[in-house]
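These notes are about the structure you will find just below.
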Amino acid sequence: MQLSLISLLGAATLAACQNATVTGKLGDARQVRNNPVIGEVWQAKFNGTVKGVVTAVANTVGVNYTIEVSGLAADKGPYKYHVHAKAVPADGNCADTGGHLDSYLRGDSPPCDSSKPQTCEIGDLSGKFGLVAGPTVSKSFNDPYSALNIINLGYIGDRGIVFHDASGARIACATLTKVPTMTHDHGRRLRRRL
Ligand SMILES: *[C@@H]1O[C@H](CO)[C@@H](O)[C@H](O)[C@H]1NC(C)=O
Ligand SMILES: *[C@@H]1O[C@H](CO)[C@@H](O)[C@H](O)[C@H]1NC(C)=O
Ligand SMILES: *[C@@H]1O[C@H](CO)[C@@H](O)[C@H](O)[C@H]1NC(C)=O
Ligand SMILES: [Cu+2]
């Protein structure tokens, strides 16, 4: 009797927990409003079976992402896409990019509730903005919680963007790299000429 009461209470607690709003150990993600250079562009370039670019542009609030890729097998989706914690190593092995960027220490489970994006892992872009289907993707969104200020939790620079097929396999990855600005380019060209 006592045992069944305890297990009943346990089940009720579990149900309540499962429905509770999920936040990380460090709380909800905070919106990013201190990117140092609005309009600064970072890109992850895919040049394998999957080809194309994921672009991240520093906005006044968070980061504007644009995904323009092709070569995702139409019968292997829907695909997830994330910012992972680490860059892609020189050998291109997506397995070595770590887990999702999770600056607020939330963990993968339970899954992201896209109606409460502040409670999701920063890097779980497909959790927040939806899965994509192959073979081509053209998609843009603003993520208020991604940062291009290196002092922020949620900094995405020099980290890997990873696509997963429906089985979860990491089928393509590329590192977000800062695109030199016009003035930088110009300066370099001028210096070379001197
Ligand atoms: C939790 O959600 C499930 C379905 O989403 C519902 O059946 C259940 O009653 C909810 N539990 C609580 C404690 O709100
Ligand atoms: C980011 O996207 C928003 C909404 O489309 C747009 O208004 C804003 O200008 C974009 N920011 C940058 C820096 O491109
Ligand atoms: C993409 O890969 C192909 C074949 O490996 C190579 O010839 C080409 O130069 C690469 N393109 C870029 C932009 O890196
Ligand atoms: Cu991932």
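Both counts, for ligands and for their atoms, begin at 1 and track the order of listing.
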Classify the side-chain pair Asn35/Asn149 by whether it contains a donor and acceptor separated by less than 3.5 Å. no

How are the rings of Phe141 and Tyr81 set relative to one another: parallel (under 30°), tilted (30 to 60°) or perpendicular (over 60°)? tilted

Between Val37 and Ala58, which heavy-atom pair has the shortest distance, and what is it? O-CB, 3.3 Å

Closer than 2.8 Å to the Cu ion (ligand 4), which protein N, O or S atoms? His82 ND1, His84 NE2, His164 NE2

Short N or O separations between ligand 2 and the protein, below 3.5 Å:
residue	atom	partner	partner atom	Å
ligand 2	2 (O)	Asn64	OD1	3.4
ligand 2	2 (O)	Asn64	ND2	2.3
ligand 2	11 (N)	Asn59	OD1	3.0
ligand 2	11 (N)	Asn64	ND2	3.0

Do you know the tightest heavy-atom contact between Leu26 and Ser103? CD1-O, 3.4 Å

All salt bridge (charged side-chain N to carboxylate O under 4.0 Å, His left out) counterparts of Asp158, not counting sequence neighbours: none

Under the rule for ring pair (Phe, Tyr, Trp, His ring centres under 6.0 Å), what residues qualify as partners of Phe163, not counting sequence neighbours? Phe46

Should Val32 and Val83 be regarded as members of a common hydrophobic cluster, given that ILVMFWY residues are connected when their side-chain heavy atoms come within less than 4.5 Å of each other, either directly or indirectly? no

Restricting to non-hydrogen atoms, name the atom on Gly92 and the atom on Cys173 that form the minimum distance, rounded to 0.1 Å. O-SG, 3.8 Å

Salt bridge or not for Lys128 and Asp143, using N-O below 4.0 Å? yes

